[in-house]
Amino acid sequence: MTAQGYVALTPDSLPGRLGVLSVLRERVGPSDSWQVREVGDGNLNLVFIVAGSAGQAVVKQALPYVRLVGESWPLPLKRSFFEYNALIRQEARDPGSVPAVWHFDEAQAIVVMEYLTPHVILRQALIAGRRVEGLGQRLGEFCARTLFRGSDLSMTAAAKKADLALFAGNVELCDITENLVFSDPYFDAPMNRHTPGLEGIVARLRADLSLKVAAQHLKLAFTSRAETMLHGDLHTGSIMVTDTEAKVIDPEFATYGPMGFDVGMLLANFLMAHFSQPGHEAAKGDRAAHQDWLLSVVETIWQVFVAEFSQLWRTERRGILYQASLYEDQGHALAAEQALADVLGRIWVDMLGFCGVEMHRRILGLAHNADFERIEDERRRAACEARALAMGRQLMLGAGSMPGIGTVTAMARRMDKEDHL
């Protein structure tokens with residue numbers, strides 16, 4: 001899809017352009033009652049909240065460039081097509097996990113969806129020290145269900161290959177991941193930036209030959225192992241929460257890739273939230289309990305992922321991989337369990353590597369996390385970021401020797417007390 005005929009929405013033009021949609025008249029009210037505000041604070045898109053006499057809706061429109069950078073970095077509008085298709089698949093594979101989609105206009109790159117209220121972005125809640133009941137359970141289930149059910153373990157061969165072909169077209173957003181995540185942090189790329197004071201550890205990381213090799217091994221896995229449909233950008237900024245509920249948003253980076261990718265990216269953002277907490281303290285130690293809770297969420301996400309993935313393996317393994325006809329139907333259920341352990345073991349190693357590389361790119365690359373960026377004191381921010389960078393290296397290089405998630409959280413606790421500047 002090109003930008004021919006495309007016109008970007010504005011708060012003033014939106015009612016006239018979308019007021020004819022029956023779904024919006026029914027759910028929001030007649031357009032003459034609408035109040036529209038633009039709330040997009042992400043890197044790529046326009047996002048509007050439309051409020052009327054009957055309710056509210058979110059209208060999201062892709063821009064033909066990267067909003068964070070500007071028109072000098074063009075980007076195809078078709079990414080909204082991939083977001084729409086990812087959302088409807090995630091809803092089917094884990095009902096209730098994403099906002100309901102009400103309308104899609106491919107030509108104008110517009111997705112109209114449920115307005116989540118009183119939800120807030122999870123990252124903002126974590127920065128504020130808020131907790132979300134059952135968060136680890138819900139996110140672990142989401143990862144297990146969407147990753148398992150979007151793979152050859154569950155889908156028919158024809159359905160999986162059709163989906164693989166469809167999402168293979170998300171070339172430009174994959175290119176962002178491939179370069180900004182896996183390559184740019186490990187040399188002095190033009191769009192990189194980092195907090196003053198990190199120069200020493202940055203130089204050490206970029207001179208670490210084993211680390212650079214590990215990053216490219218991970219890039220190879222991302223580009224070549226089309227195991228399942230990924231969210232592709234799963235972090236605490238793409239999750240909206242109340243005190244008791246979580247919904248996943250913004251899957252426009254969706255593509256097929258390794259199962260460990262989404263889980264690794266997600267856990268990395270919780271670990272970065274953990275390391276950022278001392279920078280948000282009003283008094284020394286007053287965020288310690290919140291740090292403990294964040295690490296408990298890390299543990300729960302992985303434990304629930306393993307438990308739910310294992311349950312799906314035993315009850316929904318109807319695809320072309322590890323067929324029951326080869327195992328259970330032959331009286332070899334033990335072999336199926338052995339295969340499950342092997343698969344989970346590979347996901348574990350992949351997950352740790354992707355977790356580490358995400359921690360690096362969010363501190364050294366173009367797109368940074370508010371967890372650190374909102375720490376005004378640069379010295380404190382650099383100290384927090386240095387610990388996360390050091391842990392990212394350990395995860396990338398030591399993934400094969402870490403026996404369990406408790407090892408990871410114990411490492412985070414230990415490194416939180418160390419000086420890595």
Side-chain angles (χ1 to χ4, degrees), residues 1-88 90-91 98-121 123-124 169-173 176 231-233 237-240 247-254 366-367 370:
M1 182 176 66
T2 69
Q4 185 176 2
Y6 165 92
V7 179
L9 292 165
T10 68
D12 291 334
S13 69
L14 190 150
R17 291 178 59 185
L18 301 187
V20 297
L21 296 177
S22 59
V23 67
L24 281 177
R25 292 200 306 269
E26 293 167 4
R27 295 180 181 272
V28 180
S31 60
D32 59 8
S33 72
W34 293 2
Q35 293 181 324
V36 182
R37 55 192 176 99
E38 212 273 296
V39 297
D41 60 356
N43 296 330
L44 299 179
N45 305 294
L46 296 170
V47 181
F48 303 89
I49 295 175
V50 184
S53 57
Q56 299 182 85
V58 168
V59 175
K60 183 174 181 179
Q61 185 181 38
L63 287 166
Y65 53 84
V66 177
R67 182 175 184 170
L68 177 64
V69 177
E71 294 185 14
S72 64
W73 188 344
L75 205 60
L77 299 172
K78 195 174 181 181
R79 66 185 186 272
S80 66
F81 169 83
F82 298 113
E83 177 169 11
Y84 164 73
N85 277 282
L87 282 169
I88 61 175
Q90 289 166 344
E91 173 61 26
V98 299
V101 176
W102 294 343
H103 176 76
F104 174 58
D105 182 337
E106 183 174 1
Q108 294 298 318
I110 291 171
V111 182
V112 179
M113 66 190 88
E114 170 189 11
Y115 174 60
L116 299 175
T117 183
H119 299 66
V120 298
I121 296 294
R123 191 183 308 282
Q124 310 307 329
N170 203 4
V171 176
E172 290 80 6
L173 268 69
I176 291 175
H231 177 284
D233 195 29
S238 57
I239 299 164
M240 297 195 70
K247 298 254 189 181
V248 177
I249 61 172
D250 293 349
E252 61 202 324
F253 281 80
L366 171 66

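Here the structure is a predicted model, which means the values were calculated and not measured. All values below were derived from every heavy atom in this structure, side-chain atoms included, with hydrogens, water molecules and symmetry-related copies excluded.
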Student: Is any side-chain heavy atom of Val120 closer than 4.5 Å to one of Met240?
Tutor: no

Student: Give a yes or no answer on whether the side chain of Asp233 reaches the backbone of Glu252 with a donor-acceptor pair at less than 3.5 Å.
Tutor: no

Student: Can a donor-acceptor pair be found, under 3.5 Å and without considering hydrogens, that links the side chain of Arg17 to the backbone of Val7?
Tutor: yes

Student: Do Leu18 and Ser31 make a side-chain contact, defined as non-hydrogen atoms from C-beta onward lying under 4.5 Å apart?
Tutor: no

Student: Out of curiosity, Trp73 CH2 to Leu366 CG, how far, rounded to the nearest 0.5 Å?
Tutor: 6.0 Å

Student: Taking the six-membered ring for Trp, are Tyr84 and Phe104 parallel (under 30°), tilted (30 to 60°) or perpendicular (over 60°)?
Tutor: parallel

Student: Please determine whether side chain to side chain contact (heavy atoms under 4.5 Å, CB included) holds for the pair Leu24 and Val50, giving the CA-CA distance in whole Å, both sets of side-chain angles, and the decisive distance to 0.1 Å.
Tutor: CA-CA 9 Å; Leu24 281 177; Val50 184; 5.7 Å; no

Student: In Å and rounded to the nearest 0.5 Å, what is the CD to CD distance from Gln61 to Glu38?
Tutor: 10.0 Å

Student: Determine, stepwise, if the pair Glu172 / Arg79 fulfils side chain to side chain contact (heavy atoms under 4.5 Å, CB included).
Tutor: CA-CA 8 Å; Glu172 290 80 6; Arg79 66 185 186 272; over 6 Å; no

Student: Provide the closest heavy-atom pair for His103 versus Asp105 in the form atom of the first, atom of the second, distance.
Tutor: NE2-CB, 3.9 Å

Student: Looking only at heavy atoms, what is the nearest atom pair of Gly29 and Trp34, with distance?
Tutor: O-NE1, 2.7 Å

Student: Any idea which heavy atoms bring Leu46 and Leu9 closest together, and the distance?
Tutor: CD1-O, 3.7 Å

Student: I would like to know whether Tyr6 and Leu63 meet side chain to side chain contact (heavy atoms under 4.5 Å, CB included); could you show each step before the answer?
Tutor: CA-CA 10 Å; Tyr6 165 92; Leu63 287 166; 3.9 Å; yes

Student: For the atom pair NZ (Lys247) and CD (Gln90), what is the distance rounded to the nearest 0.5 Å?
Tutor: 12.0 Å

Student: Nearest 0.5 Å please: distance from the CD1 atom of Ile110 over to the CG atom of Leu77.
Tutor: 10.5 Å

Student: Check whether any side-chain heavy atom of Phe253 sits under 4.5 Å from a side-chain heavy atom of His231, and report yes or no.
Tutor: no

Student: Counting N and O atoms only, with roles assigned by atom type, does the side chain of Gln108 sit under 3.5 Å from a partner on the main chain of Gly5, one being a donor and the other an acceptor?
Tutor: yes

Student: Would you give the length of the straight line joining atom CD of Gln56 to atom CD of Gln35, rounded to the nearest 0.5 angstrom?
Tutor: 9.5 Å

Student: How many angstroms lie between CD1 in Ile239 and CG in Leu116, if you round to the nearest 0.5 Å?
Tutor: 12.5 Å

Student: Check Ser33 against Val28 and note the closest heavy-atom contact, atom names and distance.
Tutor: OG-O, 4.5 Å

Student: Could you pull out the closest heavy-atom pair between Val111 and Ser80, with the gap in Å?
Tutor: CG2-O, 4.1 Å

Student: Which heavy atom in Asp250 sits nearest to a heavy atom in Glu83, and how many Å separate them?
Tutor: CA-OE2, 3.6 Å

